[in-house]
Structures are given as C-alpha cells and as structure tokens.
Amino acid sequence: MAEYHLTAPLTDADVEKLNIGDVVYISGEAFTCRSRLQKYIFDEKNVLPVSIKDRNVLIHNGPIVIKENSKWKLVSFMPTSSIRFEKWGAKSVDEWNLKMIVGKTTMGEQTMKMMQEKKCVHVSPQSVSPNLWIDSIEVQDVYLYDELGRIEACWFFKLNDIGPFIVDIDTKGNNYFDALEKNVLEKKAEVLKSIGVDPNFEYTELYRER
C-alpha cells in the first residue's frame with residue numbers, strides 16, 4: 001500500500017500508478033454531482049452551463065452550503081454512496097473525461113469497464129469526519145442552483161490536500177470491495193466449518209420451535 005498526494009487536474013500517469021488499497025490525498029479543483037444533475041444532463045439532454053475541461057475530479061456529494069455576507073460558506077461536506085449513481089457512471093466517466101470519482105462504497109461493472117478504458121479511479125473516504133475537511137475546501141462557484149436546488153446543484157470546489165481516501169477501483173479493473181468480500185466469504189466458510197456449522201444455516205433457526 002502506497003500513499004500519494006495528488007493535485008488536479010489529474011493526468012493518466014497520476015491515476016495509472018494507483019492500486020486498490022493505496023491512500024490518496026487530493027488538492028486542486030473539483031466539482032460535485034448527485035442523481036438530479038446526472039438525470040438533468042444525461043437523461044433530459046441538457047448541457048452544463050460551464051466548461052469542466054480542466055476539472056476532472058468529480059465528487060458524489062450534496063454539500064451543506066450557506067451564504068454569509070454575499071459569500072458561500074461550506075457547513076458540512078461528506079461524499080455520498082456512488083453505487084446509487086451506477087445508471088450514469090459510465091457516461092459521466094466518458095463524457096466528462098473524469099480521472100477520479102470521489103464517493104463512498106463503490107461502483108458497478110459498467111462503470112468499472114469505462115474507468116479501465118478511460119483511465120479513471122474511484123476513491124472512498126477512510127474513516128474521516130466530514131467537518132475536519134471544511135477549512136481545506138474553498139467554495140468557488142455554483143451552477144444550476146435555481147434549476148436543481150442547493151443540494152443537487154453543481155458546486156465548484158478547490159481542495160487543499162483533503163483525505164485520506166482509499167483507492168477502491170483502479171485503472172486495471174480491480175475492485176477493493178469485491179476482493180474484500182471474497183476474502184470475507186472464504187474466512188466465513190473456514191470458521192463455520194471449524195465449529196461444525198452448516199454453511200447454509202439461517203440465523204432465524206435459533207428461534208424456531210423444536
């Protein structure tokens with residue numbers, strides 16, 4: 001396992017060196033999206049009102065942001081579960097030319113294939129309170145606020161070495177959580193066998209009348 005401090009916009013070389021299990025800290029410019037933004041762009045055929053050509057880090061996030069003295073202030077920030085957006089995952093990687101997606105959990109097979117083709121990784125937060133990041137994130141701007149609302153709008157952030165994140169999908173088609181689940185199932189089978197429990201048992205059997 002290696003540790004990297006990367007600055008966006010990211011290059012192919014930046015992400016190709018990452019392997020599942022590596023730890024990453026991120027600086028530079030990024031943007032956010034949730035389901036409503038992706039539906040608005042990919043399903044309803046609208047276009048982003050701003051260029052993201054040099055902004056290739058996407059955060060699956062609906063930040064809590066308030067306005068004070070005519071300036072946006074970040075109140076709370078935590079990536080949300082990426083698997084909820086699998087419907088648009090491959091399209092977002094392809095059409096937005098992404099090199100990194102930041103979100104909790106993982107993504108599905110179609111997105112993983114596109115990530116491998118386009119050289120993109122997925123990273124998840126590693127047990128960090130979201131409020132620890134607030135002072136390291138600058139709110140630069142917001143787009144589609146009126147159309148989509150505060151949570152679902154497209155926010156532009158500038159990050160200052162936020163992390164740690166763990167690489168859970170790399171550019172080689174490996175998935176940290178798939179490997180972890182396989183390991184858990186193998187260990188579970190070994191443990192059940194060692195204590196003489198049928199691997200097909202049901203937990204509710206403990207409460208059935210004999």
Side-chain angles (χ1 to χ4, degrees), residues 8-10 15 24 26 28-68 70-115 117-118 120-125 128-134 136-159 162-163 165-166 168-169 175 177:
L10 303 177
V15 296
V24 176
I26 311 163
E29 296 181 337
F31 70 107
T32 72
C33 83
R34 282 169 54 94
S35 55
R36 187 66 188 92
L37 175 62
Q38 293 175 95
K39 181 179 180 182
Y40 182 82
I41 299 300
F42 299 125
D43 294 354
E44 299 172 7
K45 308 302 180 184
N46 294 293
V47 296
L48 283 172
V50 62
S51 173
I52 54 171
K53 180 181 177 182
D54 296 319
R55 198 174 289 258
N56 57 16
V57 174
L58 170 65
I59 307 172
H60 286 155
N61 172 253
I64 305 300
V65 186
I66 61 174
K67 210 161 198 179
E68 288 188 351
S70 301
K71 292 184 178 181
W72 291 112
K73 177 183 178 182
L74 186 61
V75 176
S76 184
F77 171 96
M78 173 54 82
T80 191
S81 296
S82 295
I83 193 64
R84 298 189 296 125
F85 311 127
E86 176 60 19
K87 174 182 178 182
W88 306 285
K91 284 185 177 180
S92 66
V93 172
D94 183 24
E95 296 186 23
W96 290 344
N97 297 309
L98 301 178
K99 293 301 170 189
M100 178 179 286
I101 295 176
V102 181
K104 289 189 295 189
T105 65
T106 186
M107 300 207 74
E109 184 177 348
Q110 295 303 313
T111 302
M112 286 179 58
K113 287 180 179 178
M114 187 60 72
M115 286 180 158
E117 178 183 339
K118 297 292 185 177
C120 178
V121 299
H122 185 278
V123 303
S124 294
V128 174
S129 167
N131 290 334
L132 293 179
W133 287 327
I134 288 178
S136 299
I137 302 174
E138 174 190 342
V139 181
Q140 294 179 305
D141 214 333
V142 62
Y143 298 91
L144 300 172
Y145 183 95
D146 293 334
E147 293 85 348
L148 305 179
R150 184 172 305 192
I151 300 297
E152 301 283 344
C154 179
W155 292 90
F156 274 23
F157 290 147
K158 187 172 183 179
L159 315 177
I162 71 167
F165 298 93
I166 187 170
D168 60 89
I169 299 175
N175 186 304
F177 291 109

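Residues V57 and L98 are not in side-chain contact: their nearest non-hydrogen atoms beyond the backbone lie 4.5 Å or more apart. Residues L144 and P49 form a side-chain contact, since some pair of their non-hydrogen atoms from C-beta on lies under 4.5 Å apart. Residues F165 and V102 form a side-chain contact, since some pair of their non-hydrogen atoms from C-beta on lies under 4.5 Å apart. Two residues are said to be in side-chain contact when any heavy atoms from C-beta on lie closer than 4.5 Å; I26 and M100 meet this criterion. Looking at heavy atoms from C-beta onward, V75 lies out of side-chain contact with V65 at the 4.5 angstrom threshold.
Ion pairing between a basic and an acidic side chain is recognised when a charged N comes within 4.0 Å of a carboxylate O; K113 and E109 show such pairing.
In this model, a donor atom of one side chain and an acceptor atom of the other lie less than 3.5 Å apart for N175 and T106. With 3.5 Å as the limit, one finds no donor-acceptor pair spanning the side chains of T32 and N61.
Distance alone, capped at 3.5 Å, is enough to place a donor-acceptor pair between the N56 side chain and the L10 backbone.
Heavy-atom minimum distance, P125 versus M78: CG-SD, 4.0 Å. In terms of heavy atoms, G103 sits closest to H60 at CA-CB, 4.4 Å. Nearest heavy atom pair, residue S35 against residue F85, reads N-CE2, 3.3 Å. Across I151 and I64, no two heavy atoms sit closer than the pair CD1-CD1, 3.7 Å. Smallest separation of non-hydrogen atoms from Y145 and A153: CA-CB, 3.9 Å. The minimum heavy-atom distance between T105 and S82, with the atom names listed, is OG1-N, 3.5 Å.
Atom-to-atom distance recorded for Q38:CD and C33:SG is 3.5 Å, nearest 0.5 angstrom. Distance CD/E138 to CD/Q140: 5.5 Å, rounded to 0.5 Å. Taking CD1 of I166 as the reference point, atom OG of S124 lies at 8.0 Å (rounded to 0.5 Å). Between the CD1 atom of I59 and the CD1 atom of I162 there is a distance of 5.5 Å, given to the nearest 0.5 Å. In this structure, NE2 on H122 lies 8.5 Å from CD1 on I83, to the nearest 0.5 angstrom. Atoms CG and CD, from L48 and E95 in turn, are 10.5 Å apart once rounded to the nearest 0.5 Å.
Aromatic ring centres of F157 and W72: separated by at least 6.0 Å. Here the two rings, on F77 and W155, have centers that are 6.0 Å apart or farther.
Residues in residues 48-65 take part in these salt bridge (Lys or Arg N to Asp or Glu O under 4.0 Å) pairs, two or more places apart or across chains: E29-R55. Under the salt bridge (Lys or Arg N to Asp or Glu O under 4.0 Å) criterion, the residue pairs touching residues 143-153 are R34-E152, with sequence neighbours excluded. For residues 70-87, the salt bridge (Lys or Arg N to Asp or Glu O under 4.0 Å) pairs, not counting sequence neighbours, are D43-K87, E68-K73.
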Check your understanding: Hey, mind stepping through I52 and F156 against side-chain contact (heavy atoms from CB on, under 4.5 Å) and telling me if it holds?
Key -> CA-CA 10 Å; I52 54 171; F156 274 23; 3.9 Å; yes
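Using cut-offs of 30° and 60° on the angle between ring planes, the pair W96 and F42 is tilted.
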